[in-house]
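Below: one structure, written as structure tokens.
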Amino acid sequence: KHKPTHVLYRALASVVQDFVWDAPELNSPGKHPTTQGPRNMIFILSGCPHSLNNLHQFCGKTHNMQIQYFKEILQNELIPSDLLLHLQAKTISVFWIDTTCLHNSAQHLECTKDCIGTSLMASVMSSSAGRLIPIERILHSCSMARDQANL
């Protein structure tokens with residue numbers, strides 16, 4: 001069985017390599033114009049490791065790993081330098097929509113006590129010109145927009 005970091009890395013690498021990002025007749029479904037030109041986007045919709053225990057499972061590491069090593073492990077295994085160079089060359093941002101609350105309320109509640117995983121994942125995503133976005137934020141924005149439309 002492959003570790004989740006490896007599976008996600010392979011998926012990202014495949015999308016980056018297989019999609020024709022710069023073809024004028026094909027636009028990224030997530031292409032967004034910026035002042036520096038179009039910006040391509042990849043969205044990951046999945047639960048994010050929230051706690052230290054979740055990080056151990058996500059990275060496939062033993063439970064005696066020190067916290068300070070996880071950022072380096074995540075950076076090297078999830079978005080290593082070769083993938084980061086491809087992302088930067090093709091102006092691709094990776095956004096992780098954390099869906100944990102939709103399918104695992106126990107893990108989501110655990111985050112209120114131990115959210116080291118969330119902090120580290122947010123840092124890793126930020127260093128690759130992306131973001132970690134809790135789906136609750138999106139759902140809340142949609143709810144507010146719907147409420148405003150009904151006024």
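On a predicted model such as this, the values are computed, not experimentally measured, just so you know. What's counted below: heavy atoms across the whole structure, side chains too, no hydrogens, waters or symmetry copies.
A 4.5 Å side-chain heavy-atom check between Gln75 and Ser127 finds at least one atom pair inside the cut-off. Using a 4.5 Å cut-off on side-chain heavy atoms (C-beta onward), Phe95 and Ile44 make no contact. You'll find the side chain of Pro49 stays beyond 4.5 Å of the side chain of Gln57, heavy atoms only. Contact of the Arg131 side chain with the Ser126 side chain is registered, since non-hydrogen atoms from C-beta on lie closer than 4.5 Å. Residues Trp96 and Val124 fail the side-chain proximity criterion, which asks for heavy atoms closer than 4.5 Å.
Between Ala13 and Leu83, the closest heavy-atom pair is CA-CD1, 4.0 Å. Of all non-hydrogen atoms in Ile116 and Ser51, the two that sit nearest each other are CG2-C, 4.0 Å.
Interatomic distance, Thr118 OG1 to His50 NE2, rounded to the nearest 0.5 Å: 4.5 Å. The CD1 atom of Ile133 sits 4.0 Å away from the CD1 atom of Ile97 when rounded to the nearest 0.5 Å. Annotation: the span from Thr99 atom OG1 to Leu45 atom CG amounts to 6.5 Å, rounded to 0.5 Å. To the nearest 0.5 Å, the span separating OG on Ser81 from CG on Leu84 amounts to 7.5 Å. Between Leu120 atom CG and Phe70 atom CZ the span is 8.5 Å, to the nearest 0.5 Å. Here the CG-CG distance, from Leu12 to Leu78, works out to 6.5 Å after rounding to the nearest 0.5 Å.
By the rule that hydrophobic residues join a cluster once side-chain heavy atoms approach within less than 4.5 Å of another member, Tyr69 and Tyr9 end up as members of one cluster.
If you check the side chains of Thr100 and Asp98, you find a donor sitting under 3.5 Å from an acceptor.
Under a 3.5 Å cut-off, the side chain of Glu72 and the backbone N or O of Asn76 do not form any donor-acceptor pair.
The salt bridge (charged side-chain N to carboxylate O under 4.0 Å, His left out) analysis of residues 4-14, with sequence neighbours excluded, yields no pairs.
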Side chain to side chain contact (heavy atoms under 4.5 Å, CB included) assessment of Ser93 paired with Asn40: CA-CA 6 Å; Ser93 294; Asn40 297 301; over 6 Å; no
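Evaluation of the side chain to side chain contact (heavy atoms under 4.5 Å, CB included) rule for Thr5 yields Lys3, Phe58, Cys59, Leu74, Glu77 as partners, not counting sequence neighbours.
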